[in-house]
Amino acid sequence: MNMKLSRTLSTMLDDPRLFRQYAYVDGKWTHGDGGREEAVIDPATGEVIGHIPWLEADQIRAAVDAAEAAFVHWRALRADERCERLLAWYDLLQANREDLATIMTLEQGKPLPDARGEVEYGASFVRWFAEEGKRTFGETIPSHIPNAALGTIKEPVGIAALITPWNFPLAMITRKAAAAMAAGCPVIVKPAGETPFSALALAELAERAGIPAGIFNVVLGEPAEVSKILCAEDRVKALSFTGSTRVGRLLLEQSANTVKRVSLELGGNAPFIVGPDMDPKEAAFAAVAAKFQTAGQDCLAADRILVHESIHDEFVEHFAERMAALTVGNGLESEIDLGPLIHRQAVEKAAAIVDDALAKGATLVAGDQSLAPGENFFMPTLLTGVTHDMKIWHEESFAPVAGITAYANDDQVIEMANDTEYGLAAYIYTHDIRRIWKIMRALEFGMVSVNSVKMTGPPVPFGGVKHSGLGREGGITGIDEYLETKYYCLGALGSVSGS
Ligand code: NAD
């Protein structure tokens with residue numbers, strides 16, 4: 001097997017074989033036939049950490065051929081046999097946590113402790129779905145047809161194409177792939193070009209875990225080109241995408257001709273609602289935690305912080321104080337809270353969003369960009385007096401820019417919170433149970449977290465409404481995205497008792 005290693009990254013790993021600069025198709029490390037390749041950059045330093053090949057159209061189709069061939073055997077395995085392979089993969093993810101975290105920090109920029117956390121989080125989906133695959137029960141249906149037995153069985157949908165973003169380079173893959181593979185489906189993963197090495201390390205560990213060739217494939221290439229081929233392929237039966245609403249719409253359109261199962265986890269624009277009864281310090285500290293994870297590059301980031309007018313000023317003070325304590329720097333260094341943004345365009349977008357808000361009357365409480373430790377860094381920024389006409393209200397900033405708005409009553413804050421095309425997650429901070437119930441029910445969001453920043457994990461259905469997506473990942477329904485329900489009617493059985 002051919003191997004090409006970047007000296008810098010590979011020397012940082014206990015196991016240099018986890019750093020691969022090839023695509024992975026049909027159990028083989030593959031270079032691009034056309035000789036096209038792309039550099040992968042460490043966003044903290046701007047240095048090249050490695051290169052990936054761009055596959056040609058025929059090579060993407062070869063991945064579909066491989067998945068098609070492998071499907072025959074994989075779907076025929078018993079659920080507990082697939083479970084064992086997936087649990088072996090889980091064990092390897094845990095055993096290689098440190099190396100996986102180092103790879104992630106280098107390509108994505110998030111601080112090492114956050115990267116370790118993502119490896120844990122990503123691995124937890126593998127364990128959950130390994131077990132969940134054993135519970136894809138069908139039903140027995142009381143028959144309305146004489147002498148017949150009726151029921152359903154669940155069958156794997158077929159090849160699943162998984163297209164994933166750069167902000168969670170490992171967990172966004174395992175949350176889909178583990179569900180699909182546990183259901184009996186082969187997967188073709190197209191990771192973001194910014195963060196391919198986490199996906200390729202997953203492939204290396206899948207191979208070691210005994211996942212057969214053709215079941216877990218990683219294709220690399222020009223995003224629009226690769227996606228077009230996968231969407232147009234009739235043999236690809238499910239498409240699961242996590243990323244921006246713009247690209248999600250495009251993929252939904254491109255999948256129409258082949259009538260695929262499409263799951264979309266798209267953008268968010270989370271409101272963070274603080275009731276008048278809250279301790280402003282407790283709520284402000286929670287809001288900082290909900291806003292600045294992954295340097296704000298998180299679909300669950302608290303994008304619109306809505307604070308009752310009676311505690312607004314105190315809340316702002318505590319928020320600013322807590323925010324000032326956040327450290328910004330290279331995620332490989334210790335004691336860093338915020339790493340860089342993914343690239344320079346993200347910094348420019350953040351600056352434009354701040355400028356737009358200031359031009360329309362917002363107040364800059366903190367956020368001195370001259371202190372940024374590098375060109376891809378953006379210092380935590382706090383704006384108050386944010387209003388509906390500003391970009392920050394409607395667009396995901398995907399940056400450490402917090403915007404606070406005061407509100408007067410529950411009805412007003414519900415209207416404000418729902419004033420967005422997105423509907424992924426929302427936060428409510430109040431201890432008033434009647435207020436919680438009223439607001440929670442009225443929010444047009446797929447997930448509502450009350451008095452808790454942490455809300456995700458394997459047992460819960462993750463997903464949004466409105467333009468935030470279709471379908472749910474995780475939880476007991478997450479595996480349904482990869483299963484078909486087959487109804488059977490066994491007729492002419494003679495007298496069937498209880499039919
Ligand atoms: P993106 O849409 O730009 O990219 C996502 C994936 O699509 C990548 O693999 C990319 O290479 C590919 N892609 C890009 N342009 C394409 C095109 N024209 N045709 C086909 N494929 C294309 O998103 P991103 O910038 O990588 O990620 C950030 C977005 O992801 C944010 O909107 C964020 O809210 C969202 N996100 C959502 C969730 C969720 O679970 N709902 C989780 C994480 C991120």
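In this text, all values refer to a predicted model and were calculated from it rather than measured experimentally. Counting starts at 1 for both ligands and their atoms, following the listed order.
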S.K.: Measure from the ring center of Trp54 to the ring center of Tyr22 and say whether it is less than 6.0 Å.
M.R.: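 So the answer is no for these two rings.
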S.K.: Residues two or more places apart in sequence or in another chain: which of them pass side chain to side chain donor-acceptor pair (under 3.5 Å) with Lys190?
M.R.: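 Testing Lys190 for side chain to side chain donor-acceptor pair (under 3.5 Å), a comparison that skips the adjacent residues, returns none.
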S.K.: Once you round to the nearest 0.5 Å, how far does CG of Leu13 lie from CD1 of Ile103?
M.R.: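 So the CG of Leu13 and the CD1 of Ile103 are separated by 5.0 Å.
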S.K.: Glu265 versus Arg175: any side-chain heavy-atom pair under 4.5 Å?
M.R.: yes
S.K.: Is the shortest side-chain N to carboxylate O distance from Glu481 to Arg261 below 4.0 Å?
M.R.: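 Between Arg261 and Glu481 there is no salt bridge, as every charged N stays at least 4.0 Å from the carboxylate O atoms.
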S.K.: Please list, by chain and number, the protein residues whose heavy atoms come under 4.0 Å of ligand 1.
M.R.: Ile163, Thr164, Pro165, Trp166, Asn167, Met172, Arg175, Lys190, Pro191, Ala192, Pro223, Ala224, Ser227, Phe241, Thr242, Gly243, Ser244, Val247, Leu250, Leu251, Glu265, Leu266, Gly267, Gly268, Cys299, Glu396, Phe398, Leu424, Phe462
S.K.: For the CZ atom on Arg127, are there more than 12 heavy atoms of other groups (residues, nucleotides or ligands in this structure) within a distance under 6.0 Å?
M.R.: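 Counting other residues, nucleotides and ligands, CZ of Arg127 stays at 12 neighbours or fewer.
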